[in-house]
Amino acid sequence: MDLDTLRHSCSHIMAQAVKSLWPQVKLGIGPAIEDGFYYDFDRQQPFSETDLVNIEERMRQIIAKDAPFIRQEISKSEAIELFKQLGEDYKIELLKEIQDDVVSIYKTGEDFLDLCRGPHVESTGKIKAFKLLSVAGAYWHGIETNPMLQRIYGTCFATQEELDAYLKNLQEAKSRDHRKLGPQLEYFDIYYDEAGAGLVFYHPKGAILRRIIEDYEKDMHLKRGYQMVITPHIMQAGLWQTSGHYEYYRENMYTFKIEDKEFVLKPMNCPGHILIYKSKIRSYKELPLRLFELGTVYRHEKAGVLHGLLRVRGFTQDDAHIFCLPQQLGSEIKSIIEFVFATMQDFGFDEVGIELSTRPEKCIGSQTDWQIATQNLETALKEKGLPYDINLGEGAFYGPKIDIKLKDALKRKWQCATIQCDFALPKRFGLKYIDADGSEKQPIMLHRVLLGSLERFMGALLEHYAGALPLWLAPIQIVLIPIKEDFLEYSLQVKTELENAGFRIKLDSRNETLDKRIRQAELEKIPYILILGEREIKQHTVAVRKRGGGTTQIMGIEEFIGTAQKEVREKSPH
RNA sequence: GCUGGAGUAGCUCAGUCGGCAGAGCACGUCCUUGGUAAGGACGGGGUCACGGGUUCAAUUCCCGUCUCCAGCUCCA
């Protein structure tokens with residue numbers, strides 16, 4: 001059976017339950033969504049937890065009746081009259097937007113009717129497993145100036161087993177939440193009261209992870225023909241007026257005045273890279289020119305949109321701008337896509353979702369420019385044989401874009417990489433190159449990030465691995481636990497050997513029981529625990545316990561170093 | 001920014017229908033020297049988010065502010 005139909009029917013049953021409990025409530029819309037369904041209601045009082053329980057109970061009664069879903073077609077004017085009688089103002093509004101003269105309504109038994117395109121299951125009894133999950137505000141039609149309705153979210157599956165599995169998955173996602181794991185494992189924290197919301201503090205372990213990621217990126221960019229640049233964090237306002245940000249991005253920018261000069265804390269890296277491009281006359285022979293920067297930017301995001309590491313006010317992008325000839329556009333886009341895929345794979349993400357966003361209504365640039373840009377992006381995806389969804393009109397105002405979202409272990413999507421084609425900034429800044437025939441021409445500019453922001457990516461990593469990072473990324477790779485204080489000397493010797501082999505080591509010689517120190521190392525999610533006692537000293541070995549319990553292996557130190565190095569090498573491209 | 005819920009020790013949370021603030025973990029000292037997920041004893045630690053108001057008395061009730069959470073809107 002079609003899951004969407006099932007869920008849609010379930011949302012009708014929920015609406016019916018709500019109407020029967022509170023007849024004065026007005027209905028919005030109630031579609032199936034990716035993981036379930038919702039229905040919007042207009043009600044003065046907020047729905048409480050108890051309300052949800054009562055609604056569920058009423059829904060079960062409706063399902064038990066096994067009332068049929070009956071489709072009826074009536075004229076639009078009849079429908080408007082009908083919903084007027086019912087006092088369903090929002091439905092009337094919907095009806096007025098419908099072009100056709102005939103509309104369909106669905107009756108559930110004799111008790112409930114709703115404007116609906118359908119389809120539905122035959123009868124309410126077909127719903128076997130559902131659950132109401134949460135209630136939240138939502139603007140009517142998603143428009144901020146419209147009244148806010150109350151949206152009840154729920155989900156529904158063909159079988160109870162599938163529903164249970166889904167709920168378990170939700171629970172699992174909650175336990176992996178990077179906002180919990182991050183501070184718990186001492187990667188980062190956000191000091192909301194003291195420092196401010198959306199501003200991330202990397203603690204030592206987070207800083208090591210960040211350094212590993214940064215080193216990886218620098219190496220890879222240099223290998224692929226990018227040049228590293230570094231640009232200032234503050235620049236004068238005039239530059240942002242030229243770029244258009246001052247006009248179009250003002251509410252997100254931190255600005256300040258010193259000695260009558262206005263400065264902007266950079267929200268983007270593009271203008272800086274453009275200045276470097278413009279610093280001299282460029283020949284077509286220099287293109288494509290690829291400038292890369294781990295650029296830290298600050299954007300004043302509204303308080304309500306901030307979310308852990310996913311949405312912050314200060315973050316570092318692995319940002320590059322590629323200045324190229326029109327005929328280079330295709331190959332550049334393709335090589336960026338390859339770069340993205342290689343990077344994702346190295347970090348352990350095997351699945352991605354690709355979206356192509358096209359020209360929005362409000363945009364700059366000629367129709368032809370847009371066509372060329374969109375075509376190039378699309379051709380690149382086709383030539384790579386990659387499946388993608390199209391988001392009509394979702395592009396940036398200066399150009400179309402490809403978004404590559406990575407999927408984590410729980411199949412959740414994370415917006416990271418984006419490739420944007422831009423004709424506008426080259427124009428605004430008057431960028432040029434001298435072509436083969438000696439004439440001045442305008443380069444095309446590609447904006448692109450691979451990981452997006454290092455903050456967001458770190459959040460994705462933590463959740464993907466549930467905090468148990470692979471060996472090459474783990475800030476502490478190996479913990480040494482001497483059983484007794486007497487074995488400290490041997491431990492220090494092993495520590496030095498491992499450090500010389502390039503590992504990040506922690507020695508836990510605290511006066512705590514062995515069990516307790518093992519437990520804490522496991523909770524810290526350190527990949528390897530080496531236990532050192534009398535036996536190991538005598539044989540010059542280590543007792544190796546791999547993260548997650550399991551059996552302990554006695555190995556010579558050299559042997560352990562060999563296998564661990566191999567593990568790092570396999571996962572890390574260094 | 002909008003709607004709703006919430007803010008008590010470093011963390012996880014009890015509690016006070018208005019009358020001296022509680023536990024476990026973590027931290028400190030001491031005992032314990034342990035072979036693969038929590039050894040024991042004692043101890044320190046709080047402007048009950050912040051600012052007003054009501055009251056003999058407010059952590060508790062009321063108002064405002066900040067922040068978080070679930071969404072909406074927006075986005076790397």
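Chain identifiers are assigned alphabetically (A, B, ...) following the order of the sequence lines, protein sequences preceding nucleic acid strands; residue numbering begins at 1 within each chain.
For the P atoms, the distance from rG5(B) to rC56(B) is 31 Å, rounded to whole Å. Comparing the C1' positions of rA41(B) and rG4(B) gives an interatomic distance of 48 Å, to the nearest angstrom. Spacing between rC25(B) and rA21(B) at atom P, rounded to whole Å, works out to 23 Å. Rounded to the nearest Å, the gap between the C1' atom of rG39(B) and that of rU47(B) is 38 Å. rC50(B) and rC31(B): their P atoms are spaced 41 Å apart (whole Å). Across rG46(B) and rC11(B), the matching P atoms stand 14 Å from one another, rounded to whole Å. For the C1' atoms, the distance from rG43(B) to rG7(B) is 29 Å, rounded to whole Å. Using atom C1' as the reference point in both rU73(B) and rA23(B), the two lie 42 Å apart (nearest Å).
Side chains of Asp40(A) and Trp140(A): no donor on one and acceptor on the other come within 3.5 Å. With hydrogens and angles left out, the side-chain atoms of Gln317(A) and Asn269(A) include a donor and acceptor closer than 3.5 Å.
A centroid separation of 6.0 Å or more is found between the aromatic rings of Tyr39(A) and Phe37(A). Ring centroid separation for the pair Phe188(A) and Tyr202(A) does not come in under the 6.0 Å cut-off. Taking the six-membered ring for Trp, His464(A) and Phe349(A) have ring centres closer than 6.0 Å. Ring-centre distance between Phe423(A) and Tyr398(A): not below the 6.0 Å cut-off. Here Tyr248(A) and Trp240(A) keep their ring centres 6.0 angstrom or further from each other.
The nucleotide range of RNA chain B contacted by chain A, defined by atoms under 4.0 angstrom from heavy atoms of the protein and reported 5' to 3', is rG1(B) to rA76(B).
Both Met148(A) and Arg510(A) lie close to RNA chain B; mapped to their nearest nucleotides by heavy-atom distance, the more 5′-ward contact belongs to Met148(A). Mapping Ile554(A) and Gln317(A) onto RNA chain B via the closest heavy atom, the residue that lands nearer the 5' end is Ile554(A).
Residue Gly137(A) is in base contact, counting any heavy-atom pair closer than 4.0 Å across all strands shown. Using a 4.0 Å heavy-atom criterion, one finds that Gln415(A) contacts the sugar-phosphate atoms exclusively. Residue contacts shown for Leu514(A) are limited to sugar-phosphate atoms, with no base heavy atom under 4.0 Å away. Across all strands, Leu523(A) comes closer than 4.0 Å to base atoms (heavy-atom distances). Counting any heavy atom pair closer than 4.0 Å across all strands shown, Val312(A) reaches a base atom. Heavy atoms of Arg151(A) sit under 4.0 angstrom from primed sugar atoms or phosphate atoms, though from no base atom. At a threshold of 4.0 angstrom between heavy atoms, the contacts of Lys516(A) are confined to the sugar-phosphate backbone, with no base atom among them. Nucleic acid contact for Val305(A): base, since at least one base atom lies under 4.0 Å from a heavy atom of the residue. Among the heavy atoms of the strands lying under 4.0 Å from Lys401(A) are primed sugar atoms or P, OP1, OP2 only; no base atom is included. Using a 4.0 Å heavy-atom cutoff across all strands shown, Glu536(A) reaches at least one base atom of the nucleic acid. Among the heavy atoms of the strands lying under 4.0 Å from Arg535(A) is at least one base atom, whether or not backbone atoms are also near. Among the atoms of the strands shown, only primed sugar atoms or phosphate atoms (P, OP1, OP2) are found under 4.0 Å from some heavy atom of Gly142(A). In this structure, Tyr139(A) reaches the bases: a heavy-atom distance under 4.0 Å links it to at least one base atom across the strands shown. Gln184(A) comes within 4.0 angstrom of no nucleic acid atom, judged by non-hydrogen atoms across all strands.
If you check residues 455-466 of chain A against RNA chain B, the residues with a heavy atom closer than 4.0 Å are Arg456(A), listed by number.
The list of side-chain hydrogen bond (donor to acceptor under 3.5 Å, both in side chains) pairs with a residue in residues 130-139 of chain A, not counting sequence neighbours, is empty.
Taking a cutoff of 4.0 Å between a charged side-chain nitrogen and a carboxylate oxygen, Arg448(A) and Asp422(A) do not qualify as a salt bridge.
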Anything under 3.5 Å between a donor and an acceptor, one on a side chain of residues 294-305 of chain A, the other on a protein residue two or more places apart or in another chain? List them.
unit_1    : atom_1 : unit_2    : atom_2 : d
Thr296(A) : OG1    : Thr316(A) : OG1    : 2.8
Arg299(A) : NE     : Pro267(A) : O      : 2.8
Arg299(A) : NH2    : Pro267(A) : O      : 3.1
His300(A) : ND1    : Tyr254(A) : OH     : 3.1
Glu301(A) : OE1    : Arg311(A) : NH2    : 2.8

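Qualifying side-chain hydrogen bond (donor to acceptor under 3.5 Å, both in side chains) partners for Glu485(A), counting only residues two or more places apart in sequence or in other chains: none.
Shown here is Ile143(A), whose CD1 atom has more than 12 heavy atoms of other residues, nucleotides or ligands within 6.0 Å. Heavy atoms of other residues, nucleotides or ligands lying less than 6.0 angstrom from CD of Gln539(A) number more than 12.
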*So what's the dot-bracket for RNA chain B: Watson-Crick or G-U pairs under 3.5 Å, [ ] if a pair crosses, | if it pairs off-strand?*
(((((((..((((.....[..)))).(((((.......))))).....(((((..]....))))))))))))....

